[in-house]
Amino acid sequence: MNVRKWLLALTGLLVSAIAQAHRLGAVPFSSIGSLDDTTHQAAYLQGHTYLPSIRTQVAFNTYGGVCDGVADDTLAFRAFKAANQGTAPIQLNLPTGTCTWTPGSGSNQFLFKGVQDLIVQGQGQANTSIKNLGSVAYMFFGGDGQKQNNANSIRTADANEGDSCVTLKTSPFVTVSNASNNLTVPATFTASISATTMTVTAVASGTIAPGAYVTNRRSNVTPFTQIQPYGTRGTTGVGGTGTYAITISQSRGSGTFTTAPASFTADFGVSTANTLTVSAVADGTITPGMFVYSNGGGIGAPMVIQPYGTGGTTGGGGTGTYNLNVGPASGSVSSRGFIGNGQIRLTLNSTDGLSTGDTLPFFGITGGGLVPLNTSGLQWIKVINGTQVDLFQKDFNGGYTSGGTGGGDQTALFPVGSKVLMSGWANQAYYGKAYSFPSNPHFYDYLTVQSTNSTTHQVCFTTPLTNSYKAAWPQYNTGSQFEVDPGGPATLYLLDPSWEMTLVMKDLTIDSGPASTTAGRSATLQNVTMTGGLCAIPSQNETINWINVTGISCVIEVDKIIGTWNTKNSTVFKIDYQSSSINLSNHDGLTAAGGAGTGGVYGSGKKLNIQNSTLDTLIVGNFGGATYGASDETICMNCMIKTGIPNSLGVGMRVNDPRIPWSMSGGMITIPLAYSLGVYEIQTKTLVPGSYQVWRGTGGVAGQWGTVFQVVSVTSDTDNTYIQTSDAGGFPTGAYASSTLNVSGHPAPKFTGSFTGGSAASARVFNGCPAQAPMYSCANLTYTGGASGTTSGYAAIMLGYLDAFTFTNNVPYTNTGSLTWSLATNGWQTMKSDFSLISFGGPTTPDGNAIINTKLSSSGGGGTRRIPSGGPATGTQAGDTVSAPTATNWFGGSAFAGPNFSANTPSDSPQVTMTLRTNQNLP
């Protein structure tokens with residue numbers, strides 16, 4: 001035993017000595033000099049194991065690095081990456097100078113991908129820099145995360161917080177025998193093209209019509225190639241074999257060609273935003289569900305024809321009007337050529353066990369054109385009959401050759417030990433249009449696969465889920481071969497192995513050009529200066545730490561799927577939160593300012609925690625940069641907000657837009673899926689299950705905010721999304737909602753703040769409010785008279801039913817004459833229970849007043865007046881005009897003009913403190 005102890009001690013000494021020689025990967029907190037509290041230390045250590053270990057150090061010049069700012073060091077970075085793949089701890093020591101990098105494609109976009117435990121050590125921010133020589137491409141310092149396709153994700157059954165396994169949704173294994181257009185094409189023929197002449201040698205079916213748009217099985221005919229009138233330029237074809245003049249010069253060999261299911265001329269968005277007015281049909285039939293494309297663009301893609309008669313339209317297949325799922329992307333288009341196309345229809349060996357709305361992966365389909373691309377990966381199906389299914393949103397373009405399988409058990413996609421992402425609820429997506437990378441889920445867990453079972457279709461993890469996931473949450477598309485599946489329903493993604501990476505970059509400058517990222521389980525920037533516009537974009541990290549990071553011109557776009565982002569003593573110009581796909585941000589000692597007061601923090605993610613920081617502006621919630629998702633809580637303690645906290649009640653989604661027909665009954669909102677497209681993206685982007693939402697009407701005075709409701713549950717089918725709310729009945733009505741009615745996420749159901757004296761009034765108004773009170777349920781502010789006492793002061797924003805208003809005459813007016821103080825110069829608009837509007841608080845407002853005589857001293861009983869809910873007012877004194885508003889009236893905004901004194905008092909400074917409390921009835 002003593003020998004064993006001696007050996008252990010000797011081993012410890014040797015390790016210690018080697019550690020000193022090799023500058024171990026252990027980074028003691030004392031040397032970091034920033035993570036000096038247990039909360040930050042725990043967050044920083046998440047995903048790290050900084051136990052003593054022997055870390056190999058290598059010099060960059062070993063791999064040919066020059067770092068003179070002239071020579072391109074790209075090959076040296078690639079050589080280092082190739083030589084150090086794997087898990088061995090490594091430290092790359094960069095010399096003094098500028099090390100350059102030219103981003104390539106594929107894996108050559110990444111400087112260190114596959115180096116799993118890496119410290120990049122510079123010689124000081126002023127001495128060492130890494131510079132991006134590219135003008136467009138980003139610098140990827142970390143690993144990869146999600147794969148940018150739809151072949152690496154599978155829907156799962158419901159999963160609950162605490163579960164350690166999920167069950168993949170499976171369907172019967174099927175084989176594919178054909179892929180075709182689900183709409184009839186007017187003509188199929190054999191042809192070739194030379195310049196502007198198409199030569200038809202055989203016609204399999206139909207008649208080739210003038211004005212028809214042409215494609216072929218390789219889908220390589222130039223888009224919107226159109227057949228000219230018979231006889232143009234001496235051509236001979238009149239519907240069958242012969243030659244035809246076409247509009248676009250090109251060269252295409254002999255093959256199978258078709259004309260589009262519909263070729264027509266129309267106006268779009270001229271009479272009504274989403275109305276297609278067809279003036280002529282050259283060929284084919286316009287049918288509901290048809291994809292519509294415009295010759296010249298400008299309408300977005302793909303637009304979809306709605307059922308005949310929708311919105312009073314008149315078309316029935318030929319000329320007339322048709323309703324599309326959304327209006328033009330930009331302005332209207334007039335007298336333009338359009339193509340109508342169909343979806344891909346697959347012929348299977350059987351559809352037994354399949355249902356419309358299922359998602360299943362397809363592989364191995366071959367053919368010309370886009371058919372193999374459009375049918376690979378996860379697909380959303382509509383069952384047509386016993387052997388055929390249509391692929392939702394995938395238009396047919398090309399020709400089937402052979403092969404193809406689908407469905408079956410997919411557990412093999414997730415090998416034991418692989419890194420995966422469990423996610424649910426898509427904050428961001430288009431109906432029918434795959435775009436945006438990475439995906440933007442509100443709920444997610446980073447996990448490691450422990451085991452799989454191909455019989456039960458279960459995938460089990462080394463740690464339990466921290467969220468619950470629902471299979472019935474809405475699905476808008478399933479991605480493509482080139483775009484990630486956006487998810488929505490409970491979905492499991494396979495991550496690239498390189499995501500398992502711990503990266504530390506220290507003591508250097510990053511000249512990132514367009515931008516840089518540090519994706520991976522854990523990334524730390526310490527003593528780093530950043531230059532450029534976007535600089536560094538946090539994205540796909542379980543934990544990311546910035547310690548003493550400086551980027552005075554940087555607009556930081558906080559991307560998606562981030563567990564925790566910690567910053568300490570860092571300086572940037574602006575932080576934009578894109579969505580609620582970041583769980584927690586901790587900013588301590590942050591400076592975000594500059595640009596004439598336009599810097600600051602815009603948006604919150606799920607939870608934002610700011611301490612001891614200076615900002616120009618703080619915009620809370622899903623306003624500003626956090627357009628997508630819902631915010632839970634914002635904290636800003638000991639903060640200076642120089643420009644202020646502007647109204648954080650965003651515009652949100654319009655629910656009575658004629659282009660997007662929402663409905664509501666029994667507290668349930670129904671949203672047609674097909675209308676979730678165009679500039680609106682998905683219409684549910686703030687309606688996260690469990691979140692709080694606010695109605696906003698623009699009848700009467702614009703900007704009146706209504707009551708708060710909670711999203712209780714969300715389900716969907718292939719036609720609609722159903723939002724069950726805590727409200728009863730239908731939409732708000734009356735003058736309040738007569739013009740437009742919107743819904744927007746509550747900026748902060750929990751808000752805690754303390755703001756220093758240099759802060760703007762719109763920030764200081766929250767001082768003294770209870771911790772975690774709903775934002776805009778509390779306001780505290782002191783108003784002081786003087787030479788400009790009649791100038792209206794800050795008008796606090798309030799939301800909710802009145803709980804109590806308190807006015808305290810701290811410093812009475814002592815000079816001659818009278819002086820009063822009024823809560824609202826021109827009144828405060830409130831909403832009655834019937835949704836009509838009425839004013840409170842001004843000199844002549846019909847629903848109560850709040851005017852106090854400031855001449856009475858506190859010792860004389862003139863101190864505090866209080867207006868409780870429903871009244872009566874207490875503590876009133878001679879000269880006051882104080883009465884309560886109706887208890888059921890809702891405050892939703894600020895006064896038309898804020899508090900003021902009745903006269904200027906150059907030689908006196910009377911003072912009134914106002915305290916307002918409301919009850920928002922958060923369910």
N/O donor-acceptor pair under 3.5 Å between D507 side chain and Q125 backbone: no
F840 ring center within less than 6.0 Å of F891 ring center: yes
Donor-acceptor side-chain pairing of Q693 and T686 below 3.5 angstrom: yes
Donor on one side chain, acceptor on other, S585 and Y577, under 3.5 Å: yes
Any donor-acceptor N or O pair under 3.5 Å, side chains T571, T550: no
Distance-only side-chain donor-acceptor flag, N612 / N638, under 3.5 Å: yes
Reference residue L608; test side-chain contact (heavy atoms from CB on, under 4.5 Å); the match among L584, V601, N586: V601
Check: N427/S580 side-chain N/O donor and acceptor closer than 3.5 Å: yes
Validation row, ring centre W890 to ring centre Y801 under 6.0 Å: yes
Interatomic spacing from CG in D880 to CG in N849 - rounded to 0.5 Å: 11.0 Å
Distance-only side-chain donor-acceptor flag, S907 / N815, under 3.5 Å: yes
L799 backbone acceptor or donor facing T918 side chain under 3.5 Å: yes
Check: Y794 main-chain N/O paired with Y783 side-chain donor or acceptor under 3.5 Å: yes
Check: Q611 main-chain N/O paired with S613 side-chain donor or acceptor under 3.5 Å: yes
S833 versus T888, side-chain donor and acceptor atoms under 3.5 Å: no
N/O donor-acceptor pair under 3.5 Å between Y444 side chain and N583 backbone: yes
Heavy-atom donor-acceptor pair, R865 side chain to G863 backbone, under 3.5 Å: yes
Side-chain donor-acceptor pair present, S726, Q710, cut-off under 3.5 Å: no
CD1 (I552) with more than 12 external heavy atoms under 6.0 Å: no
Min side-chain heavy-atom separation N780-T913 under 4.5 Å: no
Rounded distance [0.5 Å steps], NE2 in H587 versus SG in C636: 10.0 Å
Pair S579-N440, side-chain donor/acceptor within less than 3.5 Å: yes
Plane angle bin for F751 and F755 - parallel if under 30°, tilted between 30 and 60°, otherwise perpendicular: parallel
Distance-only polar pair, side chains of T634 and S604, donor-acceptor under 3.5 Å: yes
Test item: side-chain donor near acceptor, T854 and N809, under 3.5 Å: no
is_close_aromatic(F807, W821), centroid dist under 6.0 Å: yes
Test item: L819 and D908 side chains (from C-beta on) under 4.5 Å apart, heavy atoms: no
Side-chain (N900) to main-chain (T825) donor-acceptor, under 3.5 angstrom: no
Exam field: side chain S744 to backbone V694, donor-acceptor pair closer than 3.5 Å: no
Gap separating the OG atom of S522 from the CG atom of L503, nearest 0.5 angstrom: 8.5 Å
S759 side chain to I641 backbone, donor-acceptor under 3.5 Å: yes
Approximate separation, where rounding is to 0.5 Å, of R696 CZ and M653 CE: 14.0 Å
Side-chain H-bond candidate by donor/acceptor type, D616 with T643, under 3.5 Å: no
